[in-house]
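In what follows, a single structure is set out as structure tokens and then discussed.
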Amino acid sequence: MSQSTIWSHKGTFLLAAVGSAVGLGNLWRFPYLAGENGGGAFILVYALTIAAVGIPILIAETLLGRASRKSPIMGMKELISSNNSHSSWKMIGWMGALAAFIILSFYSVIAGWAIHYTGLMFSGSLAGATAEEISTGFDALLASPSLLILYHSLFLGVSVIIVGMGVHKGIENGLRFMMPALFIILLIVFVYAAIEGDLAASLSFLFTFNLDDLSLQGWLDAMGQSFFTLSLGMGAIMAYGAYMSPEASLTRTAISIAIVDTLVALVAGVAIFALVFGQGLEAGQGPGLMFVTLPLAFADLPGGSLLGGVFFILVIGAALTSAISLVEPVAGYFIERFKISRPKAVILMGLGCWLLGLLTVFSFNIWSTESFTHDLFGKNPFDTLEFMTNVMMPLGGVLIALYVGCPLKNELVAQQMAT
Ligand code: PFF
């Protein structure tokens with residue numbers, strides 16, 4: 001990343017940040033968390049956290065990137081020396097890059113499941129399958145380290161190649177093609193779900209706000225999800241912010257990102273629950289919602305195999321545009337710090353992430369203590385990694401807000417906020 005790298009257009013940062021924000025968090029995590037936590041009440045807390053905490057931190061994180069024009073670690077170093085702030089603020093950059101590295105390692109494994117389901121759907125092999133068969137099939141996938149490693153390698157390989165091709169040729173061109181395609185697919189899936197599913201039941205489940213339905217864990221999940229979905233506190237937004245046009249408005253861009261991201265989660269949630277309720281299935285299935293309940297809903301619907309396949313392509317594409325934003329902060333650091341080429345930097349990042357991803361792969365089989373239920377969150381290395389990032393995200397976010405609010409020079413903040 002050189003000082004002069006800037007996205008080709010004023011609006012490209014918005015495109016890239018939406019690409020980062022919209023991902024497994026919207027299509028997989030948000031619907032199953034809402035399903036587990038009573039629907040509307042969860043969404044209320046989620047939306048309020050995005051508006052009150054998410055957007056300000058999004059502005060602050062982008063500001064740090066654009067003010068430093070460097071990757072998060074080197075960028076923080078630079079801002080600390082130019083602002084004479086205490087060196088412990090370096091932690092923002094390091095923790096961000098570390099969290100990005102950890103998240104990508106398990107994100108890639110889960111995105112790999114979607115590759116498996118795309119094949120299953122298009123081949124029609126799930127058409128007419130029973131709940132028992134689909135559930136056993138999911139368990140069999142998780143029980144196979146070789147399959148999981150294959151998909152993890154494929155997904156990570158493609159992410160790394162896109163970033164390795166460069167900021168303009170790889171990331172920007174990739175996003176310009178993938179993002180419109182994803183929105184079109186989401187619309188197709190939504191229309192299909194509205195026609196074939198129970199739209200009214202889905203809307204009433206997601207938009208009946210009864211706070212009594214929400215446990216303490218539900219509140220925490222909703223707040224954690226709003227950080228995850230906006231890609232906050234993990235260096236991704238800072239890294240993309242480093243390439244942001246000086247003319248683009250931080251505030252307007254952040255609000256747009258939050259609105260589009262929330263809309264995508266809601267549209268996907270409405271579509272998924274319409275299909276699930278339309279087939280008389282349960283909402284509170286946990287992480288298996290997308291990989292067991294939804295395929296089961298598609299299995300019995302006309303054109304379900306085709307639409308199911310299309311839906312999983314959407315999941316892979318959305319995950320990919322998020323994954324590339326997780327490669328960039330660490331790759332950027334290698335490029336700036338060790339003066340190595342971009343391809344070398346992404347290979348290094350990719351290899352490290354691939355290895356760490358094996359911890360997640362084995363958490364579902366050889367290191368899993370429990371027999372396979374769809375409650376994936378027993379005690380295993382994956383849980384530990386996920387837990388670590390769940391702590392790092394809000395912590396990183398708070399540190400970013402504090403740093404921009406206090407030690408960073410007011411003139412610099414005012415100058416950045418002027419656009
Ligand atoms: N926001 C992405 C999602 O909702 O799937 C996940 C993510 C991407 C988190 C990039 C963090 C990040 F830096």
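Note that the numbering runs from 1 along the sequence shown for the chain. Side chains are part of it too, since the values below use all heavy atoms of this structure and drop only hydrogens, waters and symmetry mates. Nothing here was measured: the structure is a model prediction, and the numbers come from that model. Note that ligands are numbered from 1 as they come in the structure, with each ligand's atoms numbered from 1 the same way.
- Using a 4.0 Å cut-off between a side-chain N of Lys or Arg and a carboxylate O of Asp or Glu, Glu247 and Lys10 do not qualify as a salt bridge.
- When the salt bridge (Lys or Arg N to Asp or Glu O under 4.0 Å) test is applied to Arg337, no partner is found at least two apart in sequence or on another chain.
- Applying the ring-ring contact (aromatic ring centres under 6.0 Å, His included) rule to pairs touching residues 248-278 yields Phe205-Phe273, Phe205-Phe277, Phe273-Phe277, sequence neighbours excluded.
- Remark: Lys77 does not engage Glu336 in a salt bridge, criterion side-chain N to carboxylate O under 4.0 Å.
- Counted within 6.0 Å of NZ on Lys344, heavy atoms from surrounding residues, nucleotides or ligands total 12 or fewer; the atom is thus considered open.
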Less than 3.5 Å apart, which donor and acceptor atoms pair up between the side chains of residues 45-56 and the rest of the protein, not counting sequence neighbours?
| residue | atom | partner | partner atom | Å |
| --- | --- | --- | --- | --- |
| Thr49 | OG1 | Val45 | O | 2.6 |

List of N/O pairs, ligand 1 versus protein, all under 3.5 Å?
| residue | atom | partner | partner atom | Å |
| --- | --- | --- | --- | --- |
| ligand 1 | 1 (N) | Ser20 | O | 3.2 |
| ligand 1 | 1 (N) | Ala21 | O | 3.0 |
| ligand 1 | 1 (N) | Phe228 | O | 2.8 |
| ligand 1 | 1 (N) | Thr229 | O | 3.2 |
| ligand 1 | 1 (N) | Ser231 | OG | 3.0 |
| ligand 1 | 4 (O) | Ala21 | O | 2.9 |
| ligand 1 | 4 (O) | Gly25 | N | 3.3 |
| ligand 1 | 4 (O) | Asn26 | OD1 | 3.4 |
| ligand 1 | 5 (O) | Leu24 | N | 3.0 |
| ligand 1 | 5 (O) | Gly25 | N | 2.7 |
| ligand 1 | 5 (O) | Tyr107 | OH | 2.5 |

